[in-house]
Number of protein chains: 2
Amino acid sequence: MELREMSRLLYQIKLADQRVATSFERETGFSLTRYEMLMIVNDKGVCSQSEIQQEMKIDNAAITRHLKILEEKGHVQRERNVANNREVFVRLTETAARELQHCEQNHDQTNHLIAKVLSESEMQQLSALLQKLNTI
Amino acid sequence: MELREMSRLLYQIKLADQRVATSFERETGFSLTRYEMLMIVNDKGVCSQSEIQQEMKIDNAAITRHLKILEEKGHVQRERNVANNREVFVRLTETAARELQHCEQNHDQTNHLIAKVLSESEMQQLSALLQKLNTI
DNA sequence: TATCAATGATTGATGAGTCAAATATGAAAG
DNA sequence: CTTTCATATTTGACTCATCAATCATTGATA
């Protein structure tokens with residue numbers, strides 16, 4: 001593949017990301033990144049910021065800043081690990097846990113933005129291709 | 001598809017975008033967005049900023065700012081359209097045209113970051129899926 | 001022809017990410 | 001013990017996007 005085609009393909013990824021992220025935010029009220037972050041905390045129960053960082057693969061600075069805002073909004077609680085004061089433990093607040101559940105329940109699977117343009121199997125295809133890309 | 005899976009998929013797109021864009025920049029010396037912008041100007045010969053905007057589908061403000069920098073770096077020239085002073089005409093400089101050609105020629109197709117993880121047909125598959133996503 | 005709406009570009013404020021440097025704590029070794 | 005190194009988080013400076021507001025120009029119209 002020529003460089004020109006390559007750049008078109010990569011630029012398509014960028015556009016898709018932008019569109020899809022803003023649609024997600026409009027539909028759920030959470031930014032994609034923060035939703036993902038909250039779900040990770042939810043799955044783990046309690047975890048340190050670097051655990052979140054490892055799962056999300058974004059910069060630590062970004063993690064700190066998101067959590068600061070999520071804390072201000074009352075979505076998470078943070079406290080230093082008494083056994084290791086370097087670490088900060090993060091957990092969901094109950095209101096956030098409830099809110100996320102509602103989000104999940106209200107989510108109309110067939111009517112979701114993406115479901116309108118991609119079938120289930122296409123989504124799986126896409127996921128597999130992206131997974132390969134994410135090994136770069 | 002459940003909301004949780006959906007958010008994972010969308011987050012994969014975000015990560016892929018980030019990785020791929022930084023790799024592209026490392027390899028070519030141009031940011032993906034600016035490379036795309038320069039190639040569009042190259043294809044069109046001379047064009048107004050709003051033409052670029054329509055092709056790239058990013059905010060006009062971003063266009064203005066990129067072009068300002070590309071002009072400072074000597075990659076493009078800009079001048080008002082005398083027939084319509086609202087418009088700014090953009091064209092590549094000769095040095096930039098040469099530089100882009102070199103870029104294209106030096107591009108090692110088999111060894112490119114993405115070629116290492118995706119076959120040609122997978123790239124086409126990906127492109128088709130993204131095209132659908134970009135109709136949202 | 002004076003006004004008003006539409007068009008094209010720009011600017012300012014904000015959000016989300018990066019990297020690099022700073023801080024704070026803990027662990028290990030002389 | 002105290003120095004030194006590693007780990008975890010935070011902060012600062014920067015880039016690239018967005019939206020909303022502004023400015024300049026053009027064209028239509030009353």
Side-chain angles (χ1 to χ4, degrees), chain A residues 10-11 13-26 29-38 41 46-73 76-90, chain B residues 10-11 13-26 29-38 41 46-73 76-90:
Chain A
L10 305 192
Y11 194 73
I13 300 179
K14 174 185 293 298
L15 287 185
D17 169 42
Q18 285 173 208
R19 277 163 193 266
V20 131
T22 59
S23 307
F24 184 90
E25 184 161 0
R26 248 201 317 275
F30 290 104
S31 87
L32 177 56
T33 302
R34 292 217 262 265
Y35 183 85
E36 199 53 28
M37 189 172 284
L38 290 172
V41 176
V46 176
C47 61
S48 70
Q49 298 190 185
S50 37
E51 275 182 273
I52 301 176
Q53 192 276 325
Q54 278 158 35
E55 290 238 355
M56 298 196 67
K57 297 170 171 57
I58 61 175
D59 199 283
N60 260 318
I63 303 280
T64 295
R65 288 172 181 134
H66 279 301
L67 286 174
K68 186 163 171 285
I69 292 169
L70 288 172
E71 191 175 33
E72 283 166 10
K73 292 193 179 171
V76 301
Q77 292 175 328
R78 292 194 296 166
E79 45 185 321
R80 294 264 160 196
N81 173 2
V82 285
N84 178 353
N85 253 296
R86 286 175 296 194
E87 279 186 344
V88 176
F89 278 155
V90 185
Chain B
L10 304 191
Y11 194 74
I13 299 178
K14 174 186 292 299
L15 287 185
D17 169 42
Q18 286 173 204
R19 278 164 192 265
V20 131
T22 59
S23 306
F24 183 91
E25 184 161 1
R26 248 201 318 276
F30 290 105
S31 88
L32 177 57
T33 303
R34 293 215 261 265
Y35 183 84
E36 201 50 30
M37 188 172 285
L38 290 172
V41 175
V46 176
C47 61
S48 71
Q49 297 191 185
S50 37
E51 276 182 273
I52 302 175
Q53 192 276 325
Q54 278 159 34
E55 290 239 355
M56 298 195 68
K57 297 170 171 52
I58 62 175
D59 198 284
N60 260 318
I63 303 281
T64 294
R65 288 170 180 134
H66 280 302
L67 287 174
K68 187 163 171 282
I69 292 170
L70 288 173
E71 190 174 34
E72 283 166 10
K73 291 193 180 173
V76 301
Q77 292 175 328
R78 291 195 295 167
E79 44 184 323
R80 293 266 160 195
N81 174 2
V82 284
N84 178 353
N85 254 295
R86 286 175 296 195
E87 279 187 343
V88 176
F89 277 154
V90 185

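- Taking the side chain of A/R80 as heavy atoms from C-beta on, and the options C/dG17, D/dT9, C/dT25, the nearest nucleotide is D/dT9.
- Within the 4.0 angstrom heavy-atom criterion, only backbone atoms of the sugar-phosphate kind lie near B/Q18; the bases stay farther away.
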| In dot-bracket form, how is DNA chain C paired, counting a Watson-Crick or G-U wobble pair only if both its distances are under 3.5 Å and using | for bases paired to another strand? | ||||||||||||||||||||||||||||||

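- Remark: B/R78 is in phosphate contact with C/dT10, judged by side-chain N or O atoms under 4.0 Å from OP1 or OP2.
- Close to C/dT11, at under 4.0 Å from its OP1 or OP2, lies no side-chain N or O of B/T64.
- Summarising the geometry, the separation between CD1 on B/I13 and C1' on C/dA16 is reported as 18 Å, rounded to the nearest angstrom.
- The aromatic rings of A/F24 and A/Y35 stand perpendicular to each other, their planes meeting at an angle above 60°, with 30° marking the opposite boundary.
- Regarding B/I58, its CD1 atom lies at a distance of 16 Å from the P atom of D/dT15, rounded to whole Å.
- One can place CE of A/M56 at 10 Å from P of C/dT18, the figure rounded to the nearest angstrom.
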| message | Applying side chain to side chain contact (heavy atoms under 4.5 Å, CB included) to A/L32 and B/K14, what does each step give before you reach the verdict? | response | CA-CA 9 Å; A/L32 177 56; B/K14 174 186 292 299; 4.2 Å; yes

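- In this structure, CG of A/N60 is placed 18 Å from P of C/dA22, rounded to the nearest angstrom.
- If you check every strand for non-hydrogen atoms under 4.0 Å, B/T22 touches nothing.
- Projected onto DNA chain D by closest heavy-atom contact, A/N84 and A/A61 fall at different nucleotides, the more 5' of which corresponds to A/N84.
- Within 3.5 Å, a donor on the side chain of A/R65 pairs with an acceptor on the base of C/dT18, or the reverse.
- Under the rule for a side-chain contact (heavy atoms from CB on, under 4.5 Å), the partners of B/N81 that lie at least two apart in sequence or sit in another chain are B/A83, B/N84, B/E87, B/F89.
- Nucleotide D/dT9 holds its P atom 5 Å from the CD atom of A/Q49, rounded to whole Å.
- Across all strands shown, B/I63 has no heavy atoms under 4.0 Å from either base or sugar-phosphate atoms.
- Atom CZ of B/R86 is separated from atom C1' of D/dT26 by 4 Å (rounded to the nearest Å).
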